[in-house]
Protein chains: 2
Amino acid sequence: MRISKKTEYAVHSVLYITFFKDRTVLLDELAAQGISREYLAKVMRLLTKSGILKSSVGVNGGYVLARSADEITLEDIFNAVEGDAFYKCESRSRKCGLAGKCGLTEAFNAARGMFLGELRKCRISDMLGKSVSDGSWLKKMNPVV
Amino acid sequence: MRISKKTEYAVHSVLYITFFKDRTVLLDELAAQGISREYLAKVMRLLTKSGILKSSVGVNGGYVLARSADEITLEDIFNAVEGDAFYKCESRSRKCGLAGKCGLTEAFNAARGMFLGELRKCRISDMLGKSVSDGSWLKKMNPVV
DNA sequence: GAGAGGATACTCGGATAGATGCTGTCCGAGTAACTGGGG
DNA sequence: CCCCAGTTACTCGGACAGCATCTATCCGAGTATCCTCTC
């Protein structure tokens, strides 16, 4: 069980957009972190479709937060990017006599609930405030202003 | 993020071995649940190497529990099978200014801790007791006696 | 009856291959703002 | 001054390829027990 790079890309991009929340952010800016531009575009689309970001096409287009940074949690981003594929009992398609009665699905769902609950405590606003309060690295790599 | 079939195979096999804990269990018996025999053998080796099961080769060989069923939790099996690959921050290999300071690793580790903690509450003995108390399905599919 | 040696019944573990999902690339389509020319 | 068409600057989204991991298969090697033969 592992977390894909997509999630890291998504979180860092949302942090970036949050820091420059008074303007739209370009895909090229985000890709300048060292992420494949076209691949990142797909990740951004996931975030847009799930209502975390708003995008606008055309000149002066780009991305902005769809809601306040303290209303966005790691859980939101995780769900948007990783989807909800997790565990599906396959015992029925085998000759397994347990046939879903072993309680494994319930146990894993409970554990997943605890996992998501912990992520829900992490607000993007807090993450930005803690780690990059002055935003020096962001300003340095910002090609626009 | 998804849980592999290996874990399901492992849990069901450990449940089976627990039910017949007064004798050794053959790989063929376990594979009779509808699992590829050779693939299951690799999963069993993971469980053996991590000290959940004991195996013996040769005639009358097979698998038995290495310790009491109430000292084996889902967390033990999960760790044995899924390993500990989970999340590794890649930002240093990119041009990312955060360079591991964004707190994402800490957040995911905390969430993983909660996940494992929930699995730790699940003892194999409880799972067997709850779901298959009479063991009818096990007796039915048991080719030995 | 006892010991030796072969047969048997198992797991171990490496090599291999197909399936699936992750990661990354390419490119045309669509859309909105800007620009410049003609009325 | 205004409108319209063309240009420009973006995102959208499908198609595709490379790669890692999961899943499965095959098979020889190793090992412990059992059986049989011989003395």
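Computed from a prediction, not measured in an experiment: that's the story for all the values here.
B:L47 is not connected to B:V64 by any chain of hydrophobic side-chain contacts under 4.5 Å among Ile, Leu, Val, Met, Phe, Trp and Tyr, and they are in different clusters. The same ILVMFWY cluster, assembled from side-chain heavy atoms under 4.5 Å apart, contains both B:L116 and A:I3.
Cation-pi check for A:R2 over B:F86 is not met; the charged atom does not lie both under 6.0 angstrom from the ring centroid and within 45 degrees of its normal.
For A:R45 against D:dG13, a side-chain-to-base donor-acceptor contact under 3.5 Å is present.
The listed nucleotides are D:dG13, D:dC10, C:dC22; the one nearest the side chain of A:L26 is D:dC10. Nearest nucleotide to the B:S36 side chain, out of C:dT31, D:dT25, C:dT11: D:dT25. Closest approach to the B:T48 side chain among D:dT11, C:dC12, C:dC22 is made by C:dC12 (side chain taken as heavy atoms from C-beta onward). In this structure, the nucleotide among D:dT23, C:dT31, D:dC26 sitting nearest to the side chain of B:E38 is D:dC26. Counting only heavy atoms from C-beta on, B:S55 has its side chain closest to C:dC12 among C:dA33, D:dT25, C:dC12. Side chain of A:S4, nearest nucleotide from C:dT23, C:dC26, D:dA24: C:dT23. Residue B:K5 places its side chain closer to D:dT23 than to any other of C:dC34, D:dT11, D:dT23. Candidate nucleotides D:dG30, D:dT11, C:dT8 were compared by shortest atom distance to the side chain of B:V57, and D:dG30 ranks first.
In this structure, OH of A:Y39 is placed 7 Å from P of C:dC22, rounded to the nearest angstrom. Separating the NZ atom of A:K54 from the C1' atom of C:dT31 is a distance of 18 Å, rounded to the nearest angstrom. As rounded to whole Å, 7 Å separates atom P of C:dT11 from atom CG of B:D28. Atom CG of B:L27 is separated from atom P of C:dG13 by 14 Å (rounded to the nearest Å). Between the C1' atom of C:dT23 and the CG atom of A:L46 lies a distance of 13 Å, rounded to the nearest Å. Here the P atom of nucleotide C:dT11 and the CG atom of B:L47 are 14 Å apart, to the nearest Å. To the nearest angstrom, P of D:dT25 lies 12 Å from CG of B:L40. The separation between B:M1 atom CE and C:dC22 atom P is 12 Å, rounded to whole Å.
A side-chain donor from one of B:E29 and B:Y16 sits under 3.5 Å from a side-chain acceptor of the other.
Between D:dC22 and B:Y9, no contact under 4.0 Å exists linking OP1 or OP2 to a side-chain N or O. For D:dC34, the OP1/OP2 oxygens have a side-chain nitrogen or oxygen of B:N60 closer than 4.0 Å. Between B:Y63 and the phosphate of C:dC12, there is a side-chain N or O to OP1/OP2 separation shorter than 4.0 Å.
Aromatic ring pairs are classed by plane angle as parallel below 30°, tilted from 30° to 60° and perpendicular above 60°; the pair B:Y39 and B:Y9 is perpendicular.
At the heavy-atom level, B:K42 lies under 4.0 Å from base atoms of the strands shown.
Salt bridge absent: A:K101 and A:E106 never bring a charged side-chain N and a carboxylate O closer than 4.0 Å.
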